[in-house]
Structure formats: structure tokens, C-alpha cells
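A note on names: the letters A, B, ... follow the listed sequences, proteins ahead of strands, and every chain is numbered from 1. Values below: all heavy atoms of this structure, side chains included; hydrogens, waters and symmetry mates excluded.
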Amino acid sequence: MAIMKLLDQMWVQNLCAILGFALLGAMVWSLSRSERWTAAWKRLRRDRIGLCSLGVILLYLVVGGLESVSVNTDSGGRTLLQTFTKFVPQERSYAAPLAATSLSVSDPKPLLGRHLLGTDALGRDTLVQTLRATRSALWIGGLTSLIYIPLGILLGMLSGYYRGWVDDAIQYLYSTIAAVPEILMLVAILLVLGKGLGTMAIALGITGWVGMARLIRGETLRQVERPYVAAARAMGQSDWKILTNHLLPNVMHLVLIKFVLGFSGLVLAEAVLSYLGVGAPVGTASWGAMIDASRSELSREPLIWWNLTSASGALFILVLALNLLGDSMRWAFDPKN
Amino acid sequence: MFAYLIRRLFFFVPIVFGVMLLTFVLFFVVQSPEATARRVLGQRANPKAVENWLHNRGYDKPLLVNHNPGEPWHDSLFLHQMGRLATFDLGASDVSGRPLRDVFIQGALPSLLLTLPAFMAGLALSVGLALYLVFIRNAKVDLFASFLCVALMSIPVMVYVIFGQFLVAQVLNYFPAFGFELQGWSTAKFLLLPVSLMVVSGLGADVRLFRALFIEEMGQDYIRTARSKGVSTPSILLRHVLKNGLINLITLVVASLPFLIMGSLLLENFFGIPGLGNVLFSAIQAPDFAVVQASVFLGSLLYLGGLLLTDLCYAWADPRIRLQ
């Protein structure tokens with residue numbers, strides 16, 4: 001639990017965010033040199049839907065990145081996104097999109113400023129809140145991916161490469177975890193470990209590696225039969241070298257596709273779990289929490305629709321872009337095309 | 001066949017043991033029984049009450065092996081819990097004290113009333129739509145449909161529910177949008193909205209999956225033979241593609257059948273249906289550890305039951321498969 005405390009520190013979060021982006025950049029750079037990847041990129045470049053999705057995702061990454069890095073000001077820590085949107089005034093309560101007066105029917109008062117998407121119950125600008133909530137989604141996706149992808153690759157490759165009792169043991173492990181329905185497993189882990197972005201990532205990581213390990217195991221089983229592995233063996237290369245230098249690059253495209261498609265599932269899971277009250281802690285901006293908070297607003301008079309629509313819209317666009325990009329990438333890597 | 005079933009059941013034993021071990025580690029090692037008691041009774045509960053609570057549930061026993069003089073070595077928390085789960089003694093709720101067996105039996109019917117019709121209707125609708133997409137084979141419609149499917153998949157369930165309820169109850173001003181009553185046809189009136197929402201929320205993923213499945217079947221040699229014989233497209237779709245695609249479909253669909261009993265967490269809570277999903281939802285909010293622990297165990301048993309059912313249906317649908 002000391003790790004959880006550490007994650008609350010501002011400089012640790014800044015460091016994590018910067019390292020995360022550096023990791024992503026390094027991965028793209030190292031992959032861009034491989035022939036197979038440049039070929040796939042050429043195909044992807046002609047795919048308009050795929051490119052649009054990529055652009056949208058990059059935009060979300062920028063917004064989430066701005067919200068992840070904080071600077072010290074005299075009134076405590078403040079994220080870059082908060083600093084950039086400092087000019088947006090805080091109202092007292094609800095205000096409709098672009099309205100000049102507050103929502104009250106009997107006694108409308110002039111507002112401090114106009115709000116493109118209105119304000120929430122506490123008078124905070126809905127657009128700013130929606131943008132800030134990107135951070136929760138990206139953090140959950142990023143942290144969980146850091147847990148489940150290495151675990152899934154390692155266990156899947158070991159299982160497919162060594163076979164025998166290693167394969168049996170790893171298969172037993174993931175059959176057991178897969179036997180517990182995912183939502184129950186998540187709820188159980190979150191209930192015991194407590195709420196928070198870190199624990200949510202751990203819970204999603206424990207349930208998530210099974211699918212990755214299965215996929216990688218299957219592909220490794222197929223790749224091991226290829227002549228290049230036999231050649232490497234004949235040249236006396238160690239098992240570890242064969243695994244990291246020869247097999248890993250050949251399963252990496254599956255990892256990336258699964259990562260992108262899995263990310264959309266993680267963003268959805270974050271929203272659902274926050275909605276259930278076991279997700280992001282109170283006070284953290286999150287789309288799920290926003291949707292939960294706006295449940296009762298639809299039965300009010302006048303109708304307050306903007307909080308719900310903004311949060312679900314932002315969530316929908318990100319998940320849609322990730323799903324579409326994943327599909328495009330699967331198509332770009334398919335040798336049958 | 002019978003021998004196969006028995007063998008398969010033996011194969012499940014280590015997995016069930018693994019799940020039991022997993023729940024034990026999670027609920028009794030990661031979080032100590034004292035901590036559980038404090039979270040259920042409140043942080044400021046007096047020590048006597050905590051002690052009583054632990055003693056009544058047998059949670060004050062030593063964790064793995066009993067070293068206390070005068071007590072048998074096997075009188076430990078671990079063996080006690082394992083024995084309880086192995087004999088399907090689910091214990092009682094941490095909050096209300098009701099036996100969980102009753103809670104689960106009572107919640108099963110409302111859950112099934114919601115999930116079973118939704119499952120049937122969803123399956124029929126998505127198979128129909130997928131077949132239709134394969135039938136018209138229009139590139140533009142296909143692109144639009146697959147985009148629509150991805151879009152439907154990208155909306156979280158609660159957004160469907162909130163918008164659906166708003167639309168039906170406030171804009172259309174139609175039938176009860178909340179509540180539940182077990183009373184003949186009036187039950188159906190309560191269930192219509194949640195069932196249709198469940199169908200719509202699952203439609204995108206299913207249509208996409210089934211379409212891919214049918215398209216793969218369309219590429220098989222026997223379809224070309226049928227075409228060259230002059231068999232009409234509808235006839236090919238219904239008598240060849242659907243029938244053969246059904247075998248693959250079964251493996252995907254049947255496994256989820258037993259799990260329908262567990263109901264739907266979000267839908268049941270939102271519409272106030274007193275099923276197992278709602279039981280779990282309240283357990284999360286309370287928190288009620290006994291309910292969550294029992295649900296994990298039951299859920300995994302249902303999952304394994306689903307696997308078994310898949311094998312049986314597979315053998316039944318495909319005459320080439322013989323279970324030995």
C-alpha cells in the first residue's frame with residue numbers, strides 16, 4: 001500500500017506521465033524501423049477511417065497528458081490543463097450551454113461568463129470537467145496495460161515455447177482465473193484492495209492478462225515451427241535470445257492490435273466501475289462518475305442534459321476511435337491483403 | 001459419452017480448487033478477518049462486538065494449521081472455508097444475516113426473467129441481421145453496418161439505460177419505467193424496457209461476430225458447389241450457411257447460458273429488479289463480503305457448467321464429433 005501512497009505524490013505522477021509518454025514514443029520509434037511495420041503503415045496511410053481515428057486518439061493523449069502534469073502554484077498543485085483554462089469563471093450552480101443567465105426560472109441572475117457546454121451542479125464548466133476526466137481513462141488504460149501486457153507476453157511465450165509442464169502450469173493458472181466471471185473478479189479485488197486508480201489498474205491487470213497470454217501462446221506455438229527458429233537453434237543461440245530477439249518481434253503486431261482494442265475495453269471498464277462506485281476516488285474527474293452524478297438531472301425541470309451528453313460523448317468518441325483504429329491495424333497487418 | 005463427461009468433471013476439480021484458493025487468499029489473507037469485521041461493523045465498533053462477530057462466523061480460527069493445545073490440527077480457517085464451499089454451504093450475509101442459499105434462490109427467478117428473453121431475442125435478432133448483411137452483399141451497406149456495430153459497442157450500458165429510460169418514460173410517456181412485480185402479465189410490462197435495452201446493448205458485438213462467422217462459411221467449397229448447382233441465395237443462406245455456421249455459433253453462445261442466472265448488475269439495479277445482479281450491487285455498496293465471495297464461487301461453477309454444456313451441444317450439432 002506504500003506504492004499507492006507514493007502514487008498520490010505530485011512529482012511521482014509527473015514522472016509517471018512523462019515516462020509513460022517516453023515509453024510510447026520509444027516503442028513507436030523502435031517499431032518504425034522494422035520492414036513489416038513500415039509496410040503496414042503504408043497500408044494504414046491509405047485508410048481514411050484509420051487515420052482519422054489515430055488523429056482523434058492523439059488529441060485525447062495530448063489532453064490527458066496536459067492534465068497529468070502538475071505545476072506548483074501559490075494555491076497548491078495545479079495541472080497544466082487547469083492553468084490553461086484558468087480564464088473560465090466558476091459559477092454558483094447549473095448554467096445552460098451558452099446561456100447568459102443562471103438556470104433559475106423565477107430569479108435568473110447574470111452569469112460571470114458564457115459556457116460552451118454549460119456548468120455542473122457546483123458551477124464548474126462542463127467542457128473543462130469533461131476534458132479533465134480524460135486523465136482517469138488514460139491512466140487506467142496505461143497502468144493496466146503496463147501490468148497485463150508484459151505478464152501476458154511473458155507467460156504466453158514461455159507456455160508456447162517450452163510446452164510440457166511449463167505449458168500445463170501456465171494453462172492451469174489462466175484457466176482458473178478465467179473461470180471467475182470478469183465482473184465478479186473485478187468487484188471482489190476492488191472491494192478488498194479499496195478504491196483508487198492504482199487498485200483498479202491492478203484488478204483489471206489480473207483479469208486482463210489471460211486473453212493476451214492465450215493469443216501469444218497460440219502464435220508462439222505456430223512460430224516455433226518456422227525454419228528461422230530452427231536456424232537460430234542450430235547456430236547455438238540460447239532460449240532466451242531466441243525468445244527475445246526472434247520470436248518477440250514476430251508476435252509484436254498482435255500485441256499492439258490487442259493493446260489498442262483492449263484499451264477501449266479498459267476505458268469502458270473505468271467508466272462502468274466508477275459508475276458502480278468502486279472506481280475512481282471521489283474528487284477525481286471521471287466520465288463514469290460524471291454519468292453517475294447526472295443520472296437524476298434528466299428528471300429535473302428545466303431538463304439538464306449537457307453533463308450526461310458531454311461525458312458520454314467524450315467517452316464514446318475515444319472508445320469508437322480506438323475500436324476503429326484496432327480494426328484498421330488488424331486489416332493493415334493481415335498478410336492476405 | 002458418459003465416460004467423457006466423468007473425465008471432464010475430474011478435469012474441473014483442480015480448477016474449482018484453484019478458485020476456492022483464490023477467494024480464500026483474497027478475502028482472508030489479503031484482507032485479514034479483523035479488517036473485514038471492522039469494515040462491516042464500522043471503524044469505531046467496540047472490540048467485544050468485533051470479537052463476537054468473528055467468533056460467530058468461525059473467522060477467529062488460526063489461518064492454516066491449528067497449533068492451539070487441546071484443539072485438533074485441522075480446525076483452521078483455511079480447511080473450514082474449503083470444507084464449507086465444497087459442501088455448498090454458502091453461509092449467511094454479513095449485513096442482513098440471511099442465509100445466502102435463500103438469497104440466491106430467491107433472486108434467480110427475476111434475473112432469469114430479465115436475461116433469458118433478452119438472450120433469446122438478442123440471438124435471433126443478431127443472427128437475422130448478420131444473415132441479411134451477408135445476403136445483400138453491398139459494400140456500402142456493409143461498411144455502414146460495421147461502423148454502426150462498432151458504434152453500438154462503444155456505448156457503455158449505463159448510457160443506454162439512462163437514455164432509454166428517459167426516452168420511454170418522459171418523452172413517449174409510456175408504461176412503467178421502473179419497478180418489478182411478479183404477477184403474470186404485468187411482470188412483462190415491467191420487463192419490456194430492460195429486456196429491449198439489454199438486446200440493443202449487446203447487438204453491435206453479436207452482429208459483427210456472427211457476420212464474420214457467416215462470411216467465413218460463405219467462402220467454403222460446398223457453397224460454390226451449391227451455387228453452381230443453381231441453388232438460390234436464400235436457400236444457400238438458410239440451409240447451408242446457417243446450419244453449418246450454427247456449429248461455430250454454439251461454441252460462442254452456449255457457454256454464456258448458465259451465467260444468465262447471475263442477471264445483469266447495471267440493468268437490475270437501475271430498474272429495481274430484485275434479481276442476483278441487484279444482490280451483488282447492494283453487496284458492493286454495503287460492503288457485504290460474504291455475498292461477493294459466494295458469488296465468485298457460484299459464478300465460476302456456472303462458467304465450468306457452460307464449458308461442459310458447450311461440449312455436449314458441439315457433439316450434438318456436429319455428427320463428426322464423437323466424445324470419448
Q | Contact leader toward chain B among A:Leu191, A:Val319, A:Thr176, where contacts are heavy-atom pairs under 4.5 Å | A | A:Leu191
Q: Return the minimal non-hydrogen interatomic distance between A:Val272 and B:Pro156, and the atom names on each side.
A: CG2-CB, 4.4 Å
Q. Out of B:Leu265, B:Leu26, B:Leu280, B:Leu301, which one racks up the most heavy-atom pairs below 4.5 Å with chain A?
A. B:Leu26
**Q.** Atom of A:Leu268, atom of B:Ser154 and distance for their closest heavy-atom approach
**A.** CD2-O, 3.9 Å
(Q) With chain A as the partner, which of B:Met262, B:Arg208, B:Gln293 has the greatest number of non-hydrogen pairs under 4.5 Å? (A) B:Arg208
Q: Please name the pair of heavy atoms, one in B:Gly299 and one in A:Pro181, separated by the smallest distance, quoted to 0.1 Å.
A: C-CD, 3.6 Å
(Q) Give me the atom names and distance for the closest heavy-atom approach of B:Ser295 to A:Leu184. (A) O-CD1, 3.3 Å
**Q.** Largest heavy-atom contact set with chain B, pairs under 4.5 Å, which of A:Ala178, A:Ser264, A:Gly288, A:Gly265
**A.** A:Ala178
Q. Considering only heavy atoms, which portion of A:Phe316 lies under 4.5 Å from any heavy atom of chain B: side chain, backbone, both, or neither?
A. both
Q.
If I compare all heavy atoms of B:Ile162 with all of A:Leu308, which pair ends up nearest, and what's the gap?
A. CG2-CD2, 3.5 Å
**Q.** B:Gln220 atom CD: more than 12 heavy-atom contacts under 6.0 Å
**A.** yes
Q. Heavy-atom distance under 4.5 Å to chain A: side chain of B:Phe281, backbone, both or neither?
A. side chain
Q | Proximity breakdown for B:Val159 and chain A, heavy-atom pairs closer than 4.5 Å | A | side chain
Q) Could you give the distance from OH (B:Tyr303) to OG (A:Ser175), rounded to the nearest 0.5 Å? A) 7.5 Å
Q. Once you round to the nearest 0.5 Å, how far does OG of B:Ser146 lie from CG of A:Asn323?
A. 12.0 Å
(Q) Counting only non-hydrogen atoms closer than 4.5 Å, does A:Asp327 touch chain B with its backbone (N, CA, C, O), its side chain (CB onward), both, or neither? (A) side chain
Q) If you count heavy-atom pairs under 4.5 Å between each of B:Leu304, B:Val292, B:Leu302, B:Val150 and chain A, which one has the most? A) B:Val150
(Q) So for B:Phe297, is it side chain, backbone, both, or neither that comes closer than 4.5 Å to the heavy atoms of chain A? (A) neither
Q: Could you give me the CA-CA distance, side-chain angles and deciding distance for B:Phe147 and A:Leu320, then say whether side chain to side chain contact (heavy atoms under 4.5 Å, CB included) is met?
A: CA-CA 9 Å; B:Phe147 182 83; A:Leu320 183 67; 4.1 Å; yes
Q: State, with a plain yes or no, whether a side-chain heavy atom of A:Met185 is found less than 4.5 Å away from one of B:Leu22.
A: yes
Q) Can you name the nearest heavy-atom pair linking A:Tyr172 to B:Pro14, along with the distance? A) OH-O, 2.7 Å
Q. Non-hydrogen atoms of chain B under 4.5 Å away: do they reach the side chain of A:Leu190, the backbone, both or neither?
A. neither
